[in-house]
Amino acid sequence: MTEPFVRVEALPAKVGDTVTVNGWLYNARSGKGLYFLELRDGSGIVQVVVNEEQVGAEAFEAAGSLTQESAFRVVGEVKADDRQRGGVEVQAQSVEVLALAEPYPITPKDHGVEFLMDRRHLWLRSQRQWAAMRVRNRIITAIHAYFQGEGYIQMDAPILTGNAVEGTSTLFELDYFGEPAYLTQSGQLHGEAMAMAHGKIYTFGPTFRAEKSRTRRHLTEFWMIEPEMAFYDLAMNMEVAEELLVAILAAVTADCRDELETLGRDVGKLEAAMATPFPRLSYTEAVELLTGDATQTLLDAEQEGLEDEKHALETERDENRARYGQAKKGEKRRIDAREIAINVRLDEIAEGLRNIPSWKASARDFEWGSDFGASDETVLTRHFQTPVIVHRYPAAVKAFYMKRDPEDDRLALGMDVLAPEGYGEIVGGGERATDLQFLRDQVEAHGLPESAFDWYFDLRKYGSVPHAGFGLGLERTVAYVCGLSHVRETGPFPRLLGRLHP
RNA sequence: GGGUCAGUAGCUCAGUGGUAGAGCAUCCGGCUGUUAACCGGACGGUCGUAGGUUCAAAUCCUACCUGGCCCGCCA
């Protein structure tokens with residue numbers, strides 16, 4: 001499609017040309033006889049300079065009438081200017097108003113979470129949200145590219161199911177023409193069936209959990225990518241997860257530099273996270289690391305670091321306050337803004353300092369056989385710069401369909417990948433049980449209705465083979481890659497407890 | 001489900017028992033290169049809701065509602 005206008009992202013290649021650009025007003029500044037309009041068109045933002053002497057009274061007035069988020073069209077010359085983002089600006093020759101916006105609620109200033117979430121449909125236009133959605137898109141395309149390049153077939157698991165898959169999570173229940181039905185919590189079991197048909201498959205779709213979890217890591221609706229591979233064992237499964245994550249990190253660090261900068265993401269940390277192989281710790285080794293001296297030392301150092309930062313910030317705040325009286329108005333505003341930023345960080349530090357003693361206690365007192373808590377996962381990953389793979393968990397804390405470790409029947413051949421920087425579990429999976437009688441016993445032991453699994457048992461009756469797979473949580477992955485503090489900013493319209501609109 | 005913090009102008013917040021405040025947004029004016037521009041002015045309030053204490057409540061007490069963060073559960 002040849003477009004009759006130029007998109008902002010293409011402007012750097014058009015220096016010297018006269019072009020048409022369409023967009024919305026992101027922000028504006030003015031001087032006598034001058035308007036500086038930040039035009040946002042979805043591909044980027046460019047500054048449009050409107051000079052009264054060059055455009056005439058009518059167009060100049062049109063530029064002055066534009067309110068934030070008004071739609072407008074500009075014809076002008078693309079000029080190189082090092083001071084601008086992207087290195088270009090547009091010197092307007094004409095300005096046409098397409099739609100004047102009513103007063104726009106989201107200003108280029110601070111807003112609270114609730115206010116922004118109520119206006120998510122508009123918030124998506126803001127820079128950070130825009131950048132996060134672009135990274136999400138790049139992650140999605142990287143995932144497809146990886147699997148397609150490796151010969152996987154993408155297949156969809158059903159969203160409506162007649163039974164609770166693992167019997168653990170709380171599901172959303174529906175009325176399916178008089179029968180009880182549920183929104184899927186995992187495509188896992190159907191994925192296994194599809195892998196027996198195609199060898200290597202992956203699902204890519206929504207999953208649902210009705211748990212009343214209110215944390216930075218939880219959504220009630222989220223997207224999961226679930227590869228399933230026939231003739232793969234646990235070690236091969238871990239290798240797939242590692243390759244997939246490296247492919248994602250490589251794609252984003254290569255193609256989303258501007259977005260990561262907008263998000264304030266430390267790209268060095270993402271690059272460091274690509275070093276392979278990722279550590280592979282057995283659950284037992286992880287428990288030893290968690291309960292050992294190294295973890296206590298690490299947390300002591302973190303506590304010291306936080307205390308040093310706290311003192312530095314308090315000193316800066318006191319110095320700012322001391323010169324506040326003599327400061328001019330603009331300087332006072334900057335001091336006020338800085339004070340707010342300092343207080344936010346001090347609150348975070350105070351929370352960290354409150355948490356560390358309980359983290360230390362939780363780590364030190366951890367007992368073999370339990371599942372890791374959120375703080376234990378965070379503490380484990382603090383020892384490494386890359387994601388960490390933990391495998392061979394106690395069977396009791398894993399799903400019924402996991403294969404047992406032939407070396408130790410207490411263990412299941414499950415594996416989790418923990419993301420760095422406290423982002424927690426982004427991958428969970430393992431090698432699946434192949435023995436029909438074992439699965440029947442497990443279903444019974446877990447109190448699940450055997451009739452619901454008749455088709456699943458068939459997979460073991462007709463050519464049962466070793467196979468493995470895992471689920472990758474898309475939103476947690478996006479949060480980690482973007483450095484977002486909450487998964488609510490990882491998708492366009494996140495569904496959380498108490499959040500169904502917009 | 002548990003813990004904890006908060007709710008004051010459209011937004012972000014200050015005000016902790018005695019006249020309801022600031023910055024931003026909006027509107028008006030100034031400035032010929034601004035970068036969350038800047039400067040001057042105007043506009044803007046049922047202090048979450050309901051009770052209570054007090055001469056007097058945004059401020060103290062009780063209940064409820066809504067939200068943030070943390071834990072549990074999970075990807």
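Chain identifiers are assigned alphabetically (A, B, ...) following the order of the sequence lines, protein sequences preceding nucleic acid strands; residue numbering begins at 1 within each chain. Remember, it's a predicted structure, so these values are computed and weren't measured experimentally. The analysis underlying the following values was restricted to heavy atoms, covering all of them including side chains, and did not include hydrogens, waters or symmetry mates.
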task = Look at all strands and tell whether A/Gly33 reaches a base, only sugar-phosphate, or nothing, counting heavy atoms closer than 4.0 Å.
result = nothing
message = By a 5.5 angstrom centroid cut-off and a 30 degree plane limit, is there stacking between A/Phe222 and B/A75?
response = yes
message = For the residue pair A/Arg120 and A/Trp123, would you count it as a cation-pi contact if the rule is NZ or CZ under 6.0 angstrom from the ring centre and within 45 degrees of the ring axis?
response = yes
query = If we call it a pair only when both distances are under 3.5 Å in a Watson-Crick or G-U wobble match, what pairs with B/G29?
reply = B/C39
message = Need the pair for B/G51. Rule: Watson-Crick or G-U wobble, both distances under 3.5 Å, any strand; none if unpaired.
response = B/C61
task = Would you indicate what A/Leu219 reaches in the nucleic acid, counting non-hydrogen atoms under 4.0 angstrom: base, sugar-phosphate, or nothing?
result = base
message = Mind checking if A/Gly112 touches a base, just sugar-phosphate, or nothing, with heavy atoms under 4.0 Å?
response = sugar-phosphate
Sugar-phosphate only, base, or nothing, as touched by A/Gln68 at under 4.0 Å among non-hydrogen atoms = nothing
ask   = Considering only heavy atoms and no angle criterion, is a donor-acceptor pair shorter than 3.5 Å present between the side chain of A/Arg119 and the base of B/C11?
value = no
request  = Could you tell me whether A/Glu221 contacts a base, only the sugar-phosphate backbone, or nothing, with contacts defined as non-hydrogen atoms closer than 4.0 Å?
outcome  = nothing
query = What interatomic distance, in whole Å, is found between P of B/U8 and the corresponding atom of B/U4?
reply = 22 Å
inquiry  = I want to confirm an ordering. Mapping A/Thr220 and A/Arg499 to their closest nucleotides on RNA chain B, which one lands closer to the 5' end?
reply    = A/Arg499
request  = Determine whether any donor atom in the side chain of A/Glu211 lies under 3.5 Å from an acceptor atom in the base of B/G1, or the reverse, and answer yes or no.
outcome  = no
ask   = Should B/C13 form a Watson-Crick or G-U wobble pair with both distances under 3.5 Å, which nucleotide is its partner?
value = B/G21
key: Polar side-chain contact A/Glu38-B/U35 base: donor and acceptor under 3.5 Å   = no
ask   = Honestly, is A/Arg495 close enough over A/Phe493, meaning NZ or CZ under 6.0 Å from the six-membered ring centre and within 45° of the axis?
value = no
message = So for A/Gln47 and B/U34, does any side-chain atom that can act as donor or acceptor lie under 3.5 Å from a complementary atom in the base?
response = yes
key: Under-3.5 Å donor-acceptor pair between A/His111 side chain and B/C11 base   = no
inquiry  = With hydrogens left out and only the distance checked, is there a donor-acceptor pair under 3.5 Å joining A/Ser213's side chain and the base of B/C74?
reply    = no
note = Of the listed B/C74, B/U34, B/G1, the closest approach to the A/Gln84 side chain comes from B/U34
